[in-house]
Number of protein chains: 2
Amino acid sequence: MRISELAREAGTTPRALRYYEEQGLLRPARLASGYRHYDPQAVGTVRHIQLLLSAGLNTSAIAEILPCIPDGVTVLAPTCPELLDALAVERARITTSIDRLAAARDVLDRLIQAGPAAGDQS
Amino acid sequence: MRISELAREAGTTPRALRYYEEQGLLRPARLASGYRHYDPQAVGTVRHIQLLLSAGLNTSAIAEILPCIPDGVTVLAPTCPELLDALAVERARITTSIDRLAAARDVLDRLIQAGPAAGDQS
DNA sequence: CTAAACCTTTACGTTGACGTGAAGGTCAAG
DNA sequence: CTTGACCTTCACGTCAACGTAAAGGTTTAG
């Protein structure tokens, strides 16, 4: 598939896909015309990239992880133990982040709770 | 208290506190010398600011919320219903964000699971 | 054949929450 | 009275993941 089609399928833009390639996250084949050619597995890969990006991982961290998900679905064992350490660090960061988000949501909930009660006639 | 002390208490920097003021989040008094003077309640306020910032709210959104937490602890009912709508929107954003983080953490967990099992002798 | 709709590379622009000097006042201790 | 540790206001720098525009090649439908 071509770049625009992959972008549609994965819910992103051609520019983002070129950026991912520049960062070493994707390695599309090239047609004689110079056009990039992606196989269908790339859809899952791109979705993983977006998910991990939205979780706060940067492209270099994702670049280390992606080889362990070669077809966008299967999960292989990480090669080096250093990667495992890095994974643990990122996992901890995510957990901390979730806790903070939950705490912030609690603050908003208290405000929302206090809100509609104003002038409550019941 | 002065700006450096507040920064220490709240775990941030003087620069950040000046930035918060610039964005209308803090309104410290001024001494004759021109020095900023913060009351102790500011510690709680700053902590709230940091929490909401880390949850992805921007300074203008926080500026609308802060008046409902005047002393850094008490929670008042929001004045206008538009603010309540905005709060609901932010709350939804946070929940979505939490879900994505949890999904990303699951991916990492699967990798970590697959990792130590390699060469497992048990 | 030609025009639309793709694609390519190159390269500068954007965003928000600060970091990091620079140049200069203020204040307590010795 | 001076030195060091504060403080002040500019004002430019940073960072990552793209957005956006420019200048040009490719492909395909009519």
Side-chain angles (χ1 to χ4, degrees), chain A residues 1-39 42 45-66 86 90 93-94 97 100-101 104, chain B residues 1-39 42 45-66 86 90 93-94 97 100-101 104:
Chain A
M1 61 197 325
R2 306 206 296 203
I3 195 168
S4 284
E5 188 181 351
L6 174 57
R8 270 197 311 275
E9 298 280 326
T12 182
T13 67
R15 174 67 176 103
L17 297 179
R18 294 194 191 99
Y19 176 71
Y20 297 159
E21 180 180 357
E22 183 187 328
Q23 299 297 306
L25 307 183
L26 295 175
R27 302 190 182 278
R30 292 294 180 134
L31 302 180
S33 60
Y35 285 21
R36 290 170 177 83
H37 177 75
Y38 300 88
D39 44 48
T45 302
V46 171
R47 291 208 176 117
H48 271 95
I49 293 172
Q50 304 261 60
L51 181 64
L52 294 173
L53 277 176
S54 74
L57 282 76
N58 57 32
T59 54
S60 80
I62 298 175
E64 297 177 1
I65 291 175
L66 277 188
E90 296 290 359
R93 237 187 21 71
I94 290 176
S97 191
R100 263 205 280 268
L101 284 167
Chain B
M1 62 198 324
R2 306 206 295 200
I3 195 167
S4 284
E5 188 181 352
L6 174 57
R8 270 196 312 274
E9 298 280 325
T12 183
T13 68
R15 175 65 175 104
L17 298 179
R18 294 193 192 100
Y19 175 70
Y20 298 158
E21 179 180 357
E22 183 187 327
Q23 299 297 307
L25 307 184
L26 296 174
R27 304 192 180 275
R30 295 291 184 138
L31 302 180
S33 59
Y35 286 21
R36 291 171 176 81
H37 177 76
Y38 300 89
D39 44 50
T45 301
V46 172
R47 291 207 174 117
H48 272 95
I49 293 172
Q50 305 261 59
L51 180 64
L52 294 173
L53 278 177
S54 74
L57 282 78
N58 56 33
T59 55
S60 79
I62 298 175
E64 297 177 1
I65 291 175
L66 277 186
E90 296 289 0
R93 237 186 22 72
I94 291 176
S97 190
R100 265 206 278 270
L101 284 167

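Proteins come first, then strands; the chains are lettered A, B, ... in the order of their sequence lines, and each starts at number 1.
- Nucleic acid contact class of A:I49 (heavy atoms, under 4.0 Å, all strands): none.
- Distance, B:N58 CG to C:dC18 C1': 14 Å, rounded to whole Å.
- Within the 4.5 Å cutoff, no side-chain heavy atoms of A:T59 are placed close to those of A:I49.
- The nearest heavy atom of DNA chain C to B:L57 and to B:R2 marks one nucleotide each, and the one closer to the 5' end goes with B:L57.
- Counting only distance, with no hydrogens or angles, the side chain of B:R47 and the backbone of B:E9 share a donor-acceptor pair below 3.5 Å.
- When rounded to the nearest whole Å, the span between CZ of B:R18 and C1' of D:dT8 equals 7 Å.
- The base of D:dG19 lies outside donor-acceptor range of the side chain of A:Y19, with no N or O pair under 3.5 Å.
- For D:dT9, one of the phosphate oxygens OP1 or OP2 lies less than 4.0 angstrom from a side-chain nitrogen or oxygen of B:R30.
- When the side-chain nitrogen and oxygen atoms of B:Y20 are compared with OP1 and OP2 of C:dC18, one or more of them lie within a distance under 4.0 Å.
- Side-chain N/O atoms of A:R15 include none lying less than 4.0 angstrom from OP1 or OP2 on D:dT20.
- Salt bridge A:R93/A:E90: present, at least one basic N to carboxylate O contact under 4.0 Å.
- Computed from coordinates, the B:H37 NE2 to C:dC27 C1' distance equals 16 Å when rounded to whole Å.
- In this structure, B:R30 and B:R36 have side chains that are in contact, with non-hydrogen atoms separated by less than 4.5 Å.
- OP1 and OP2 of D:dC18 both lie 4.0 Å or more from every side-chain N or O belonging to A:T13.
- Between the CZ atom of B:R36 and the C1' atom of D:dC6 there is a distance of 13 Å, rounded to whole Å.
- At least one side-chain heavy atom of A:Y38 sits under 4.5 Å from a side-chain heavy atom of A:L17.
- In this structure, A:S33 and B:E5 both approach DNA chain D, and ranking their closest nucleotides by distance from the 5' end singles out B:E5.
- One interatomic measurement links the two molecules: CG of A:L17 to P of D:dG19, which rounds to 10 Å at whole-angstrom precision.
- B:Y35 has its OH atom 11 Å from the P atom of D:dC6, to the nearest Å.
- Atom pair B:L31:CG and D:dT9:P shows a separation of 12 Å (rounding to whole Å applied).
- Residue B:T59 places none of its side-chain N or O atoms closer than 4.0 Å to OP1 or OP2 of C:dG16.
- The distance between atom CD of A:E22 and atom P of C:dC12, rounded to the nearest whole Å, is 14 Å.
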